[in-house]
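What you see is a predicted model, and the numbers here were worked out from it, not measured in a lab.
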Amino acid sequence: MLQARGEEAINDHIALRTFNLAPVNLGALSEIFTRRGYRQSGEYVFEAKKLLAASFSHEDPDRPRVFISELRTELCSGLVQETARELVSQVQHSGDELLLKHPTWSAVTHERYQALLAESEYAAWLAVYGLRANHFTIAVNRLETFGEDQPLVALNRWLKAQGLELNQSGGEIKGSPQALLEQSSTMADLFDAHFAGGHIASVPSCYCEFAFRHPDPGSPTGLFDGFVTSSADKIFESTHAR
Ligand code: NI
């Protein structure tokens with residue numbers, strides 16, 4: 001839709017979710033990127049969601065930042081711990097193949113999915129989709145047709161006029177000019193997931209985020225390069241069922 005408007009959609013960042021268990025933990029996934037010249041730009045803790053996360057940037061401004069989070073399974077119930085161990089034990093590869101080989105693990109039953117969902121939406125999503133981009137993020141700073149004054153507000157208005165539903169958790173725009181980062185996102189599309197035993201059910205999948213970064217003289221790019229924990233906490237909820 002943006003391309004049809006004459007825009008080039010450049011990614012601000014992509015986001016990956018994982019369990020904190022070898023060989024798929026945050027450290028293992030981050031190596032895929034640091035090997036390619038990415039450097040860590042921040043570390044984040046999400047107490048309620050039991051997540052640890054880190055962000056990575058590349059000196060080439062056309063390469064997306066990468067935001068990787070991991071579920072701290074030891075803080076979760078026996079059911080989540082057991083499921084995570086079961087799924088991760090199926091992963092026999094390493095390096096780039098962690099992200100490129102799909103499916104990452106075999107399907108769980110729908111009953112297991114619902115039990116995970118009751119405790120952790122993050123764990124349930126990860127069990128279904130494995131290691132893949134949870135969302136892509138349009139760099140709003142790089143858009144040219146939404147004006148200079150509050151382009152994210154203009155973009156959101158246009159997205160809604162196109163019929164897209166935006167995440168309203170914590171307000172339509174998360175963050176502020178003072179926080180140096182403003183973000184919005186669509187709600188995840190639904191996808192017919194195939195569960196073990198042949199059951200098919202419609203579950204939230206992936207979404208698109210929009211990020212506007214404010215100037216930060218301390219950053220190599222001149223723009224704020226990190227993430228804001230309180231905003232990211234609400235963006236995670238883009239994969240919640242309506
Ligand atoms: Ni994001």
Side-chain angles (χ1 to χ4, degrees), residues 13-36 38 44 46 48-56 64 66-137 187-209 232 235-241:
H13 67 271
I14 68 160
L16 301 164
R17 296 180 174 186
T18 193
F19 295 114
N20 69 342
L21 302 174
V24 301
N25 57 346
L26 169 53
L29 297 188
S30 63
E31 271 178 34
I32 294 171
F33 298 95
T34 52
R35 261 205 321 268
R36 292 178 161 84
Y38 275 83
Y44 317 87
F46 301 87
K49 291 185 173 69
K50 299 175 179 162
L51 305 175
L52 183 70
S55 58
F56 302 85
V66 181
F67 184 89
I68 307 173
S69 57
E70 66 178 6
L71 182 65
R72 302 164 75 192
T73 52
E74 72 281 6
L75 304 179
C76 301
S77 71
L79 172 91
V80 168
Q81 292 190 38
E82 188 187 312
T83 305
R85 272 198 301 269
E86 233 172 77
L87 295 176
V88 170
S89 72
Q90 298 170 30
V91 177
Q92 302 301 327
H93 43 272
S94 60
D96 293 359
E97 289 192 340
L98 290 173
L99 297 179
L100 298 176
K101 280 207 166 174
H102 289 111
T104 307
W105 35 63
S106 58
V108 296
T109 64
H110 190 241
E111 292 70 28
R112 179 71 67 100
Y113 172 78
Q114 286 176 308
L116 294 174
L117 191 58
E119 178 179 339
S120 165
E121 186 278 336
Y122 185 104
W125 187 95
L126 185 53
V128 169
Y129 296 106
L131 304 177
R132 66 178 63 233
N134 168 264
H135 61 272
F136 293 87
T137 304
M187 289 301 287
D189 262 346
L190 295 176
F191 173 75
D192 283 336
H194 291 244
F195 291 94
H199 189 97
I200 297 174
S202 179
V203 299
S205 61
C206 300
Y207 57 93
C208 189
E209 187 189 318
I235 292 276
F236 273 119
E237 296 174 13
S238 303
T239 50
H240 282 199

May I have the step-by-step check of side-chain hydrogen bond (donor to acceptor under 3.5 Å, both in side chains) for H199 and E111, ending in yes or no?
-> CA-CA 10 Å; H199 189 97; E111 292 70 28; 5.7 Å; no

Using 0.5 Å steps for rounding, measure from the [atom1] atom of [X] to the [atom2] atom of [Y].
X	Y	atom1	atom2	answer
L126	R132	CG	CZ	11.0 Å
M187	E237	CE	CD	8.5 Å
S120	K50	OG	NZ	8.0 Å
E70	L16	CD	CG	12.5 Å
S205	L190	OG	CG	7.0 Å
R36	D96	CZ	CG	4.0 Å

Using residues 22-33 as the side-chain source, report each donor-acceptor pair under 3.5 Å to any protein atom, sequence neighbours left out, with the distance given to one decimal.
residue: N25; atom: OD1; partner: A28; partner atom: N; Å: 3.4
residue: S30; atom: OG; partner: L26; partner atom: O; Å: 3.1
residue: S30; atom: OG; partner: G27; partner atom: O; Å: 2.9

Please report the shortest heavy-atom distance between [X] and [Y], naming the atom on each side.
X	Y	result
L116	A123	CD1-O, 4.1 Å
Y113	P204	OH-CD, 4.0 Å
I200	H194	CD1-CE1, 3.4 Å
I68	V66	CG1-CG1, 3.7 Å
R17	E121	NH1-OE1, 3.6 Å
A133	W125	O-CH2, 4.4 Å

Are the side chain of [X] and the backbone of [Y] linked by a donor-acceptor contact shorter than 3.5 Å?
X	Y	result
H102	L131	yes
W105	V88	no
E119	S77	yes

Which word best sums up how the rings of Y122 and F236 line up, parallel for under 30°, tilted for 30 to 60°, or perpendicular for over 60°?
-> perpendicular

Is the Y129 ring parallel, tilted or perpendicular to the F191 ring (thresholds 30°, 60°)?
-> tilted

In the structure I gave you, are the side-chain heavy atoms of [X] and [Y] within less than 4.5 Å of one another anywhere?
X	Y	result
H135	S238	no
Y207	N134	yes
F195	V128	yes
L51	L71	yes
L79	R112	yes

What residues form a ring pair (Phe, Tyr, Trp, His ring centres under 6.0 Å) with F67, not counting sequence neighbours?
-> Y44, F227

Does the pair L87 and T104 meet the rule for a side-chain contact (heavy atoms from CB on, under 4.5 Å), with working shown?
-> CA-CA 8 Å; L87 295 176; T104 307; over 6 Å; no

Distance-only polar pair, side chains of T73 and N20, donor-acceptor under 3.5 Å = yes

Inter- and intrachain pairs under side chain to side chain donor-acceptor pair (under 3.5 Å), touching residues 85-95, at least two apart = Q90-S106

